[in-house]
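A short write-up of the structure that comes next.
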2 protein chains.
Amino acid sequence: MARSKSPAKKPPRQYHHGDLRRALLQEALVTIRSEGVEGLTLREIGARLGVSRTALYRHFADKAALLEAVATEGFRSFREQLLAAWEAAGHGIAGLDAMGLAYVRFAVANPAHYRVMFGGFVEPKERQTELAAEAAGALHALEGALGELQRNGLVRGEDTATMARFVWAVVHGVARFAIDGQLRDPAAVDQLTRYAIERMRIGIAPGEAPAVTADALNRAARIDC
Amino acid sequence: MARSKSPAKKPPRQYHHGDLRRALLQEALVTIRSEGVEGLTLREIGARLGVSRTALYRHFADKAALLEAVATEGFRSFREQLLAAWEAAGHGIAGLDAMGLAYVRFAVANPAHYRVMFGGFVEPKERQTELAAEAAGALHALEGALGELQRNGLVRGEDTATMARFVWAVVHGVARFAIDGQLRDPAAVDQLTRYAIERMRIGIAPGEAPAVTADALNRAARIDC
DNA sequence: ACCTGAACACCGTTCAAGT
DNA sequence: ACCTGAACACCGTTCAAGT
């Protein structure tokens with residue numbers, strides 16, 4: 001009897017067993033997903049884990065640090081999914097399309113997480129944080145893909161970083177519309193995504209300024225043919 | 001002596017003279033600009049106006065309602081500035097460019113206000129709020145411009161609303177980069193803005209899919225000439 | 001090392017009471 | 001009508017104390 005690890009009435013309060021840091025991060029994410037960022041309180045996530053409400057301070061400096069970690073983690077898996085889409089599509093223009101779709105899909109599947117990453121809730125005081133590095137990494141995935149397309153002559157040859165920001169802007173904007181609920185059904189989101197990616201692709205397609213006014217088109221036709 | 005409206009020691013507490021609602025809105029905006037959304041407390045804005053901290057509830061249901069009003073007001077002046085740019089440039093493609101520049105310029109000039117408008121801090125419970133109408137109005141300004149360009153054959157003829165969202169996505173994304181401080185000097189912001197608008201314009205330029213792979217370009221050349 | 005519980009300062013909001 | 005001041009419930013954070 002004395003062998004039993006804990007009497008039936010009440011287990012002696014013991015320290016949190018495993019990786020409390022990870023558990024806190026996970027629990028924060030779950031709460032944010034269901035309640036939103038505004039609904040996240042340190043007290044409740046402590047209670048939910050059966051832990052004092054100050055236990056968290058052993059692992060994070062403050063609430064902002066917790067949110068920063070959430071965002072950092074988000075950027076990491078974000079980049080992974082972008083790269084996975086790029087690989088699965090076999091690179092090339094199809095790969096770029098796939099990355100764009102994956103981008104919007106991530107935002108739609110994890111709207112609260114996406115908000116923490118981009119909503120301006122997290123503003124790290126110091127320069128050169130892990131968050132900044134991870135965020136840059138996600139953009140870098142896009143840049144790498146565009147660089148390869150440039151080397152293969154599939155997109156225009158100008159500054160890759162600038163082009164990456166343009167592409168990012170397009171998919172981010174679409175994601176915003178989807179998250180904010182301005183587009184009701186998923187089909188509308190899909191349609192806008194495909195349209196935007198198509199127009200974006202044409203905007204960065206190689207060739208000497210292929211799109212011009214009807215007027216200029218006529219002039220060009222007269223000269224060339 | 002009894003004539004003097006108030007003895008030197010202390011003026012009798014009197015009600016807020018003019019338009020308290022407007023004063024609250026204005027003060028909230030000032031605070032947000034200097035302290036950010038997170039730094040806005042009802043108590044302090046009351047104190048700043050020399051008014052009890054509950055006086056606000058005579059004019060707004062709660063803090064969320066105040067923020068909603070701030071966002072609504074933002075969308076109104078936002079739309080005005082977009083339209084002004086469109087008019088000043090004399091419509092046309094130049095007008096579209098001007099609107100895009102004005103868009104980014106508004107965000108850069110009023111980053112905190114822009115964040116309240118788009119950061120997801122405000123989520124009106126009811127459908128069909130004044131905020132929703134005003135936000136739609138800003139997008140509608142863009143749609144109107146694009147519609148005119150379509151009628152004049154200056155951009156592609158497909159669904160105007162979808163095209164407007166695409167254009168909005170581009171400038172919104174650029175604004176985001178600028179606000180989040182990822183682009184250090186204003187010159188970099190300007191450069192990215194111009195680049196993005198140019199690529200966007202080409203993406204929606206009229207003509208039969210003018211941008212294609214080099215391969216398809218060769219085929220087309222062989223047939224046409 | 002890691003966790004606890006009481007305490008502190010601060011917030012949004014309510015409400016009976018004043019003019 | 002509009003404003004006040006006290007009170008309430010809730011929050012993030014600190015800190016001396018426990019194991």
Side-chain angles (χ1 to χ4, degrees), chain A residues 5-7 10-32 34-71 116 121-125, chain B residues 5-7 10-32 34-71 116 121-125:
Chain A
K5 282 172 182 169
S6 58
K10 208 150 209 181
R13 235 182 228 292
Q14 53 185 24
Y15 288 173
H16 188 270
H17 38 290
D19 191 345
L20 180 55
R21 192 193 137 92
R22 175 157 295 278
L24 288 164
L25 214 56
Q26 174 65 21
E27 196 59 39
L29 203 47
V30 169
T31 305
I32 288 171
S34 63
E35 313 283 340
V37 199
E38 316 289 1
L40 177 74
T41 77
L42 301 190
R43 293 163 117 92
E44 195 183 318
I45 131 174
R48 201 111 63 146
L49 286 171
V51 134
S52 149
R53 53 178 169 277
T54 61
L56 176 140
Y57 290 90
R58 287 291 124 194
H59 300 276
F60 299 98
D62 51 19
K63 190 181 184 180
L66 175 64
L67 281 179
E68 195 176 321
V70 167
V116 176
F121 296 97
V122 187
E123 284 175 274
K125 316 267 174 181
Chain B
K5 283 173 183 171
S6 57
K10 208 149 209 183
R13 237 182 227 290
Q14 53 185 25
Y15 287 174
H16 188 270
H17 38 291
D19 191 346
L20 180 55
R21 192 193 136 91
R22 173 157 296 278
L24 287 165
L25 215 55
Q26 173 65 21
E27 195 59 38
L29 203 45
V30 170
T31 305
I32 287 170
S34 64
E35 314 282 339
V37 199
E38 315 289 1
L40 178 75
T41 77
L42 301 189
R43 293 163 117 94
E44 193 183 318
I45 130 175
R48 201 112 62 147
L49 287 171
V51 134
S52 150
R53 53 178 169 276
T54 61
L56 175 140
Y57 291 89
R58 286 293 124 195
H59 301 277
F60 299 97
D62 51 19
K63 191 182 185 181
L66 174 64
L67 280 179
E68 195 176 321
V70 167
V116 177
F121 297 97
V122 187
E123 284 173 273
K125 317 266 174 183

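It should be emphasised that the depicted structure is a prediction, and the values quoted were computed from it without experimental measurement. Computed from heavy atoms alone, side chains included, the values below leave out hydrogens, waters and symmetry copies.
When the nucleotides D:dT13, D:dC3, C:dG5 are ranked by their closest atom to the side chain of B:Leu20, D:dC3 comes out on top. Checking C:dT13, D:dC11, C:dT4 against every side-chain atom of B:Thr54, the shortest atom distance belongs to C:dT13. Of the candidates D:dT13, D:dG5, C:dC11, the closest approach to any side-chain atom of B:Thr41 belongs to C:dC11.
For the pair A:Val116/A:Leu29, no side-chain contact is recorded, criterion being any heavy-atom separation below 4.5 Å from C-beta on. Residues A:Arg48 and A:Thr31 form a side-chain contact, since some pair of their non-hydrogen atoms from C-beta on lies under 4.5 Å apart. Side-chain contact check for B:Leu20 versus B:His59: some heavy-atom pair is nearer than 4.5 Å.
Applying side chain to side chain contact (heavy atoms under 4.5 Å, CB included) to B:Glu27 and the options B:Leu56, B:Leu40, B:Ile45 leaves one that passes, B:Ile45.
In this entry the distance linking CZ of B:Arg53 with C1' of D:dC8 reads 12 Å, nearest Å. For A:Leu67 and D:dC11, the CG to P distance is 15 Å, given to the nearest whole Å. In this structure, B:Leu42 atom CG and C:dT14 atom C1' are separated by 14 Å, rounded to whole Å. Here the P atom of nucleotide D:dT14 and the CG atom of A:Leu56 are 12 Å apart, to the nearest Å. Rounded to whole Å, atom C1' of C:dT13 lies 14 Å from atom CG of B:Leu66. Remark: C1' of D:dG12 and CD of A:Glu38 are 15 Å apart, rounded to the nearest angstrom. Rounded to a whole Å, the NZ atom of A:Lys63 is 15 Å from the P atom of C:dC11. The interatomic distance linking B:Asp19 (CG) with D:dC2 (P) rounds to 10 Å, in whole Å.
Backbone-only engagement by B:Leu40 is indicated by non-hydrogen atom pairs under 4.0 Å involving sugar-phosphate atoms exclusively.
Side-chain nitrogen and oxygen atoms of A:Tyr57 include none within less than 4.0 Å of the OP1 or OP2 phosphate oxygen of D:dT14. Checking the phosphate oxygens (OP1, OP2) of D:dC3, a side-chain nitrogen or oxygen of B:His59 falls inside 4.0 Å.
Closest-nucleotide positions on DNA chain D for A:Arg43 and A:Arg58 were compared, and the one nearer the 5' end corresponds to A:Arg43.
When Watson-Crick and G-U wobble pairs are counted only if both distances are under 3.5 Å, C:dC2 pairs with D:dG18. Nucleotide D:dC11 has no partner under the Watson-Crick or G-U criteria, as no pair reaches both atom distances under 3.5 Å.
Closest non-hydrogen pair, B:Asp62 versus B:Tyr57, comes out as CA-CE2, 4.1 Å.
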